[in-house]
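Remarks on the structure that follows.
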Number of protein chains: 2
Amino acid sequence: MTTQQTEGVARPAGRPRSEKAEKAIIDAALDLLGEGIGVPELSIEAIAARAGVGKTTIYRRWSNKEDLVVDALASLKPPIPPLHGASVRDDLVTYLRVVGEESRHMRTRCIMNIAMSAWERHPRLAERFQAIAIEPRKAALRAVLQRGTENGELRSDLDIEMAMAILSGAMLWRTKWSGENAQLPGDLPEQIVDEALRGFRPR
Amino acid sequence: MTTQQTEGVARPAGRPRSEKAEKAIIDAALDLLGEGIGVPELSIEAIAARAGVGKTTIYRRWSNKEDLVVDALASLKPPIPPLHGASVRDDLVTYLRVVGEESRHMRTRCIMNIAMSAWERHPRLAERFQAIAIEPRKAALRAVLQRGTENGELRSDLDIEMAMAILSGAMLWRTKWSGENAQLPGDLPEQIVDEALRGFRPR
DNA sequence: ACATTATGAAACGATACTGTTGCGTATCGA
DNA sequence: TCGATACGCAACAGTATCGTTTCATAATGT
């Protein structure tokens, strides 16, 4: 017998790495990013300090700052509400309402900003974020629209990707370019969905 | 006689400030921002070097880096094509086509990223950019839609701000979350406009 | 000519972060 | 108990930028 192997992988000798430290590091990074610190100015020192951890502990796990940020963003899972409501309209409103609610948090806004700006200089990061955080949402939205085209609530020839762009894009546009101070109307999701559905419904 | 006053303002004694230097500084700043340098990491030294100018010359004119960036972004005027085409549809397609064409330039994308991220930490900058670069576009788009509601091409009860959000938002969404590598279809503007107009046209 | 202000270049001390190293301690398997 | 590895902490030299200052020179008005 060499080692008691509960798992298939040989456990290396010595003290194992602390999962708590790892989590603290990622949380600290997300905290800082969520406060508006950009990726380039995000310093390992600040992360270590915030996490109550030595820099060594960080460098031992990630060689790049970008790798760390990628792992941090990948740990984010978007909240997707159950979308099996009475109608496509209800589901779309529910979906946009959650998106709008989320975008009222500083943290979400900052991280979205980072992700949207990342394509130019951190494509790996953007790609990963897209896969982890955006795609699941798009899939949920796509399923709702797909269902609509199948049960007759929506036009059968509706371009679903286009419909998604219209719904999500309108929401994004309003939350981005409406002054940020200017309070968005509480029924914005309903307004968007109702306007969009005019074109989505069968003749 | 105190001074030859071609203008109403008294010209101060001594060597006048070089307009060429001022322009070079702003151009250098825009260049760097357009290459993906973010505001926080944009260094005065880099600007001075790029502009072929002493740091003194910069500090003499702007006390903040933010002030400089604000002036730099304010010097940008968006290209707005003449929108008096045969139909509302044509004008909308023309408009979105220009937007799409612009967004294929690294420089435009980077500066848009900065502007969109600026609300959180540089609200003055965002506000200024909105007034200088966004509002004129919105006004042009609004005029087209307004005309449509008046001449019967569009529903008379169309919510114009919402329609703008749908059109611009759909375009923004597609250019932002489509992988950046994935080439957007050449007729994307037509697709967006045609889908949107389904709901905008009178019953 | 002379006063005045701006210019580009260079150097300054101060601050912050980098990535690495050494230290003493803690936690694991054998 | 012992070897091995991770931990938090502190210090290191190296680099970059900050905002300021000094300098010789250039450009303007009187």
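Proteins get letters first, then strands, A, B, ... in listed order; numbering begins at 1 in each.
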- Item | Residue met sooner reading DNA chain C from 5', once A/P16 and B/R17 are mapped to nucleotides | B/R17
- Message: In this structure, how many angstroms lie between the P atom of D/dG8 and the CD1 atom of A/I47, rounded?
- Response: 14 Å
- Protein-nucleotide distance (B/W62, atom CH2; D/dG19, atom P), rounded to Å: 15 Å
- Message: By nearest atom, which of the nucleotides D/dG19, C/dG8, C/dC28 is closest to the B/A21 side chain?
- Response: C/dG8
- Testing C/dC28, C/dG8, C/dT18 for proximity to the side chain of A/S43, the answer is C/dT18
- Task: Among D/dA6, C/dA6, D/dT20, find the nucleotide with the atom closest to the side chain of B/Y59.
- Result: D/dT20
- Charged N-O contact under 4.0 Å between A/R128 and A/E66: no
- Task: Answer yes or no: does a side-chain N or O of B/R60 lie under 4.0 Å from OP1 or OP2 of C/dT7?
- Result: yes
- Rounded distance (Å) that lies between atom P of C/dC17 and atom CD1 of A/I58: 13 Å
- Nearest-nucleotide check on DNA chain D, B/K65 vs B/G14; residue mapping nearer the 5' end is B/K65
- Going by an N to O cut-off under 4.0 Å, is there a salt bridge joining A/E101 and A/R104? yes
- On DNA chain C, check which nucleotide each of B/A51 and A/E41 is closest to and give me the residue with the more 5' one. B/A51
- Before giving the answer on salt bridge (charged side-chain N to carboxylate O under 4.0 Å, His left out), spell out for A/R121 and B/E41 the whole-Å C-alpha distance, their side-chain angles and the decisive distance to 0.1 Å. CA-CA 13 Å; A/R121 300 180 59 194; B/E41 42 174 347; 2.5 Å; yes
- Message: D/dG8, OP1 or OP2 - any side-chain N/O from A/T57 closer than 4.0 Å?
- Response: yes
- Message: Once you apply a heavy-atom cut-off of 4.0 Å, does B/S18 come out as touching a base, just sugar-phosphate, or nothing?
- Response: sugar-phosphate
- So, B/D67 and B/R124, do they make that salt bridge, N to O below 4.0 Å? yes
- Query: Does the base of D/dC7 carry an N or O that pairs as donor and acceptor with the side chain of A/T56 under 3.5 Å?
  - Reply: no
- Check every atom of C/dA6, C/dT18, C/dG22 against the side chain of A/E45 and return the nucleotide holding the closest atom. C/dT18
- Given D/dG8, C/dA9, C/dG19, the nucleotide with the shortest approach to the side chain of A/I44: C/dG19
- Message: In whole Å, I'd like the distance from the CD1 atom of B/I25 to the C1' atom of C/dG8.
- Response: 11 Å
- How long is the span from the CH2 atom in B/W177 to the CE atom in A/M164, to the nearest 0.5 Å? 12.5 Å
- Query: Stepwise, does the salt bridge (charged side-chain N to carboxylate O under 4.0 Å, His left out) test hold for A/E190 with A/R89?
  - Reply: CA-CA 9 Å; A/E190 283 89 342; A/R89 177 184 184 276; 5.6 Å; no
- Interatomic distance, B/K20 NZ vs D/dA26 P [rounded to whole Å]: 14 Å
- Message: Whether the side chain of B/R15 and the base of D/dA27 hold a donor-acceptor pair under 3.5 Å is what I'd like checked.
- Response: no
- Query: Atom CD of B/E19 to atom C1' of D/dA27: distance rounded to whole Å?
  - Reply: 14 Å
- Task: Please confirm whether any donor atom in the side chain of A/K55 sits under 3.5 Å from an acceptor in the base of C/dG19, or the reverse.
- Result: yes
- Item | Atom-pair distance (CG on B/L32; C1' on D/dT17), nearest Å | 14 Å
